[in-house]
Amino acid sequence: MLLTGNVNSYAQFLAVLVVFVLVLGITALTTKWIANYQKQQNVTCNIEILETTRISNNKYIQLVRIGETYLAIAVCKDTVTLLGEVPKEQLKESGPKETGKPFKALLEKAMKPKE
């Protein structure tokens, strides 16, 4: 009698484990699908945020392209204010910024034993 109780407990444990893994897999697939769906919804050719600069805790200045027009806007907690139009000739083209050392170099430095 005691042996069948242990087998029953193991069977229940395995069943719960399988159900847990299935729910985890379904959750991961659903999250991935929703992320791709939202990414496709936000793809547009007419509106683009080019730069954002923080000026205080809840205040930012953004350079936005709407169609062929470039605008500077101030974004606050509750408001968005148009600062003015920026001529395309005044904009500086810049490539991707260097962020310093790559993560791999920092990790190797941290893993190196101290002398």
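Heavy atoms only: backbone and side chains are in, while hydrogens, waters and symmetry mates are out.
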If only atom types and distance count, is the side chain of Arg54 paired as donor or acceptor with the main-chain N or O of Asn57 below 3.5 Å?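 Indeed, once roles are kept as given, a pair shorter than 3.5 Å links the two residues.
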Measuring from atom [atom1] of [X] to atom [atom2] of [Y], what distance do you get when rounded to the nearest 0.5 angstrom?
X	Y	atom1	atom2	answer
Leu24	Leu29	CG	CG	10.0 Å
Leu91	Glu51	CG	CD	8.0 Å
Glu68	Lys88	CD	NZ	6.0 Å

Is there side-chain contact between Ile73 and Ile61, with heavy atoms separated by less than 4.5 Å?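 The answer is no; the side chains never approach within 4.5 Å.
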Is there a side-chain contact (heavy atoms from CB on, under 4.5 Å) between Ile66 and Asn46 once you walk through the steps? CA-CA 5 Å; Ile66 300 176; Asn46 294 315; 5.9 Å; no
Shortest non-hydrogen separation from Thr52 to Tyr60 and the atoms involved: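 Of all heavy-atom pairs spanning Thr52 and Tyr60, the closest is CG2-CD2, 3.9 Å.
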For Gln62 versus Ile49, what's the shortest heavy-atom pair and its separation?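 Smallest interatomic distance, heavy atoms only, reads OE1-CD1, 4.0 Å.
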[Y] reachable from [X] in the ILVMFWY side-chain graph, under 4.5 Å edges:
X	Y	answer
Phe103	Met111	yes
Leu83	Ile55	yes
Val80	Leu82	yes
Leu71	Leu50	no

So, applying side chain to side chain contact (heavy atoms under 4.5 Å, CB included) with Val86, which one of Val64, Leu63, Thr69 is it?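 The passing option is Leu63.
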